[in-house]
Structure formats: structure tokens, C-alpha cells
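Notes follow the structure.
Order of appearance sets the numbers: ligands from 1, and atoms from 1 within every ligand. These numbers come from a predicted model, not from an experiment.
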Amino acid sequence: MKESRRLKDLRKQDFLPTLLDFGPLQFFIPRHFGFCYGVENAIEISYRALEENTGKNVYLLSQMIHNQEVNSDLQNRGIKFIMDTDGSHFVPWNKIGKDDVVIIPAFGTTLEIEKLLLAKGVDVQKYNTTCPFVEKVWNRAEKLGKDNFTVIIHGKPKHEETRATFSHSSGNGHSIVVRDMDDTIELSNYILGSKTPAEFYEAFAGKYSTGFSPEQHLQRVGVVNQTTMLASETQAIADFIRQVMITKFGAAEIKNHFADTRDTLCYATNDNQDSTYELLKEKADLAIVVGGYNSSNTSHIVELCERNFPTYFINSDQEIKSNEEIQHFIYNRKELITTFSFLPEKRPLKIVLTSGASCPDTVVDRVMLKLVSFFSQTNPIDEVLAAY
Ligand code: SF4
């Protein structure tokens, strides 16, 4: 179905969801969902690294992508993770030497880690799976730094990609990370001088580049983002900062103080978010979003679905225990909970089903088929998919 729609709409003009009608159960599937170019590429390179290096230690700097199934499969085939997603080590650096293979994940890595590996004689380019859309953000940040703008990175401070972008961008100028609008409002106090530098260093501890002076380095700024943030949030943050700069320096001077960069979301995040907005127009009874629990882009799809539907964020079909019970993740509390009677009695029952950029489509298939198995007298799958 996905491939058929792709071929019929190569220029991506049509963002309407597909209705899969099983009779008593109907699914709304978004036009775009699941695996992106960067993830497919990274997985392909990782399997190749394993094939080409039998007998060697093959390490991944951290989780390849934020998907437990894919990561477990890679581990079962012999790949070892050096670090956890938050940077704590499974394998200490002193265990890694020049004969080992190290794969750089799709989010990229920091300049510091790259240097450390190069110093050990490890080839960091051969299996570098850094997504070109992440590199594009680094290039944008580099250009801002060279033009003497401080880079404000809208991202999750602990996310590997934001850490990598921060490191690359700090190589060319000053940088600071804001997680959300609250952080941005706090930052505006230091742009306008209504709070002291001492308060700045406390409020933004660990989120600014070495030598950052709030008095000097908030005079010229530009905004980039982690590629998987919510587009509307980044836009709101950029608009807010622009307005703050106008308040401080006047509209006539804005070009000297605010670099008008467009958001740096990747195409997959944009397509998946735009398709989710179309899903929100449907009259569905609930939504199921499939993806890794630490996946940023999936969490934003969940956030959007929650605006209109009771939403269940699951990482695989295993979380659906029965037609009565589902285990699902509450992203903002980082908590797995169980909900009973999650499928209303209504017929046909209408379910929005989607997934994040790090979720294989086979997992979505399994979720769909498991749900269908709870219903009797459903239309056969060949018939449901006949149009595709
Ligand atoms: S979500 Fe976007 S930036 Fe991240 S790996 Fe996929 S295509 Fe690349």
C-alpha cells in the first residue's frame, strides 16, 4: 500500500491518509510514516560492516536508531554498543583499539569523540552512517558561526543528535541549546538584560559553549533545530527570538541581529508531521503510534495525535496483550502503563495507525494484523489491499 501510493504520487502532492477497511475495523494510515532514508542507509551500512569484518570487534557508538527491535537484532548478530543513549559507557574507551570497527550512528557524533577515535587509529569514515540531513544542519550552524552569529539549537539537550550538532556548531562560534519555549523565554531575559549573567550560568548549565558570555554572545543569533523536533514549535521559537531582537535593537537593525534561517527539520520529519496533521482531520476512535520509546520524532507524532484521539504509544505488537489490555508509554512521564478496555465497542471501530522514522514497517503490519485478529467476520486482507 505504501509503495503503491509512493509510485502514484512521486512529487508528494497528496497527504491524505489511506483507509483500510476490514469491515468491523477500519484503519487510517497516513500517507507518510515509518523508516526514513537516513535510518535505512544506517542499517544497511551496519549489516555490511558485520559481513565485511568477521572475527573483529564491531562496535556501534550508541544505539543505531531509536528502535529496540532493530538494535536487538544488530546485537544478536554480534554488534556491541559502546554507549547508552545518554552517553554512559557499556564499553570503556581503553578497550577500543585500531583493529576494531566503529560505526558512527545516523545522528552523527561529537568532534571530541571523533578526535578520540582518530587518535586511537580507528577509521571513523569507513562506516560513518551520519545522515546527510543531520550534516546539513551542521553546515548551516557552521555558516552561522562563521558569520559571527551565536547558534541557538532547538533540541533535546541529551539527545545524541543535539549533542553532535552542539559540538560541531561550537567548533565555529558560540552555541546554546533550548529545549522548548520555556527555555527560550528564559533566554530572552538575558538578551534583554533583565537577568544577570550569574543566573544565566545556572539556568543554562551544560547547554552553552565554553567561554559563552550572555552579555557578548546574545547580540547576533540564528536558530537551527534537531531534525526531528516539532516544526510548529521551532517556528514559534524562531518568531519569538526575532521579536525579542526587534524589541532590543529595533526593526531596522534586525538583519544584523537575527539570521533568518528556515527550520532544519529533515524531509522525513516534515512528511510524517504533515501527514499526521491530515490524520487529525479524520473521525477516528483512537490512535496507535508505533516506535522506540526514546525516539524523538515518534514522540512528536504522539503529541500531535493526542490532540484529537486517545493515543497509545507502543514499541511493537507485543505491547498489545489481548483485546482487553495494552501496555503503552507515557512520553512526558517516561513511564510504561497498562490500560484495559482500550478498544471501544463501537462498530466499525476506526483506528489511526502510524509509526516513527525508526520503526520498520513490518512492525506496523504486525500491530495491524494483531488488532484485526480480535474481530470476527473481517474482510480478507487481499480484498482490503486490492486497490493497491
Ligand atoms: S529522521 Fe531525518 S535526519 Fe534523522 S536519520 Fe531520518 S532522514 Fe536523517
Measure across Ile104 and Val124 and return the closest heavy-atom pair with its distance rounded to 0.1 Å. CG1-O, 3.7 Å

State plainly whether the residues Lys2 and Asp361 are in salt-bridge range, i.e. N to O under 4.0 Å. yes

Protein residue, atom and distance nearest to [atom], heavy-atom basis:
atom: atom 8 (Fe) of ligand 1; result: Cys131 SG, 2.3 Å
atom: atom 6 (Fe) of ligand 1; result: Cys36 SG, 2.2 Å
atom: atom 4 (Fe) of ligand 1; result: Thr227 OG1, 3.9 Å

Verify the distance criterion only: is there a donor paired with an acceptor across the side chains of Thr18 and Arg5 at less than 3.5 Å? yes

Kindly assign one of parallel, tilted or perpendicular to the pair Phe133 and Tyr267, based on the angle between their ring planes and the thresholds 30° and 60°. tilted

Is the distance between atom 2 (Fe) of ligand 1 and the nearest N/O/S atom of Cys266 smaller than 2.8 Å? yes

